[in-house]
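For reference, the structure discussed in these notes is given below.
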Amino acid sequence: MKTHLTAVLVGGLLYVPFASGAENATAVTADRVSVFKAPLVCPAAPQIGCGSASKPILLDLERQPGVFEAWLNRAGTIIAVVWKPELNAETRRNVAAELKEDHAVELDGKSRDEALKDFSSGEGWYHGADVDRLSEEEADIIAARLVRWVGAKSALTKDKAEGLQRAFSDTLRKDLTGKSTGPNHLEDIAREYLDQEQIKILKKAIKDEEAIENGERPVPSEN
């Protein structure tokens, strides 16, 4: 299950049951949360954040001495950092400077207020390694798109399409979450479902998918 905050912003306090905390809610002042605009949208699935890109950033943040928790919003556009109570100004500046190196810029004013309000809603935020759920969703999107491309240019039965998509999803989920035990080649996996001509179509589809992930071509319309 996706980890959610369950938080309410009241009178300058964020009442948050943190993922690493006790079952009872923990109250923190709003100034213990900083929000940063981040370029972590998934190129292959622009409706969500990129789990594989954000995961090392969030985990590195949580290793910093002054950081209690780090979160990413579903869209991949905002990082929220919850600071420890004993945080000092120098540590906070250092963390902000490191995030800036990752092209994440701290928000203030109205933008900060809006981001904090969204954070406090408890919906659509992922803590630390929980961004693997985004990677799994990305894997499913890519798998569906590859199968759709093959099916658009060749005769692919429903059973074979569904089996191929499940096989692709399983492999891509492991790859994108770092759980793969070795190299996985989609072409090899597909040979159980596709003939040689369809494999050629798949190879072209894989190249097109790589171009999307590298920002060299747009995500195709689903229509």
Side-chain angles (χ1 to χ4, degrees), residues 1-22 24-138 176-177 215:
M1 293 290 290
K2 180 169 60 177
T3 300
H4 285 305
L5 285 172
T6 305
V8 182
L9 182 61
V10 180
L13 292 180
L14 284 166
Y15 288 94
V16 186
F18 294 108
S20 59
N24 293 330
T26 301
V28 299
T29 56
D31 62 4
R32 272 188 56 199
V33 181
S34 293
V35 284
F36 299 80
K37 183 178 179 180
L40 292 170
V41 175
C42 178
Q47 66 269 43
I48 60 174
C50 182
S52 57
S54 61
K55 185 177 177 179
I57 294 174
L58 298 184
L59 295 182
D60 180 66
L61 279 169
E62 294 190 340
R63 286 192 287 267
Q64 302 302 317
V67 175
F68 185 55
E69 288 186 343
W71 299 75
L72 181 76
N73 71 340
R74 176 174 172 78
T77 57
I78 303 290
I79 290 174
V81 177
V82 182
W83 307 101
K84 292 180 180 178
E86 64 273 18
L87 172 76
N88 59 58
E90 182 179 0
T91 299
R92 188 166 183 161
R93 285 194 299 270
N94 290 340
V95 171
E98 289 187 18
L99 278 171
K100 193 172 182 179
E101 292 179 2
D102 291 315
H103 308 288
V105 180
E106 187 166 4
L107 298 175
D108 58 15
K110 183 178 179 180
S111 296
R112 178 180 186 275
D113 293 342
E114 291 175 350
L116 275 179
K117 182 179 179 180
D118 184 55
F119 181 62
S120 70
S121 74
E123 294 296 327
W125 287 83
Y126 299 77
H127 164 251
D130 286 343
V131 291
D132 279 350
R133 304 293 80 75
L134 291 174
S135 294
E136 291 170 353
E137 189 172 343
E138 176 190 357
L176 292 175
T177 59

* If you look at every heavy atom in Ala75 and Val41, which pair is closest and at what distance? ->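 Looking at all heavy atoms of both residues, the shortest contact is O-CG2, 3.4 Å.
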Roughly how far apart are [X] [atom1] and [Y] [atom2], rounded to 0.5 Å?
X      : Y      : atom1 : atom2 : result
Glu62  : Ile57  : CD    : CD1   : 12.5 Å
Leu176 : Glu137 : CG    : CD    : 12.0 Å
Arg92  : Lys84  : CZ    : NZ    : 15.0 Å

* To do: Determine the interplanar angle of the Phe119 and Trp71 rings, folded into 0 to 90°, and report it as parallel if under 30°, tilted if 30 to 60°, perpendicular if over 60°.
  => perpendicular
Are the side chains of [Y] and [X] in contact, using a 4.5 Å heavy-atom criterion?
X     : Y      : value
Glu98 : Asp102 : no
Val95 : Phe36  : no
Leu40 : Ile79  : yes
Thr91 : Gln64  : no
Leu99 : Glu106 : no

Taking [Y]'s backbone N and O only, do any of them form a donor-acceptor pair with [X]'s side chain (distance below 3.5 Å, no angle check)?
X      : Y      : result
Lys55  : Val131 : no
Ser135 : Ser52  : yes
Trp125 : Asp118 : yes
Arg112 : Leu107 : no

* Any chance CD of Glu90 has more than 12 other-residue heavy atoms, nucleotides or ligands included, within less than 6.0 Å? ->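 Counting neighbours around CD of Glu90, 12 or fewer heavy atoms of other residues, nucleotides or ligands fall under 6.0 Å, so no.
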* Is it true that atom NZ of Lys37 has more than 12 heavy atoms of other residues, nucleotides or ligands lying nearer than 6.0 Å? ->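 No - once you tally the heavy atoms of other residues, nucleotides and ligands closer than 6.0 Å, there are 12 at most.
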* Asked: Hey, which of Ile48, Leu134, Asn73, Asp132 is the one that makes side-chain contact (heavy atoms from CB on, under 4.5 Å) with Tyr126?
  ->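 With Tyr126 as partner, side-chain contact (heavy atoms from CB on, under 4.5 Å) holds for just one option, Leu134.
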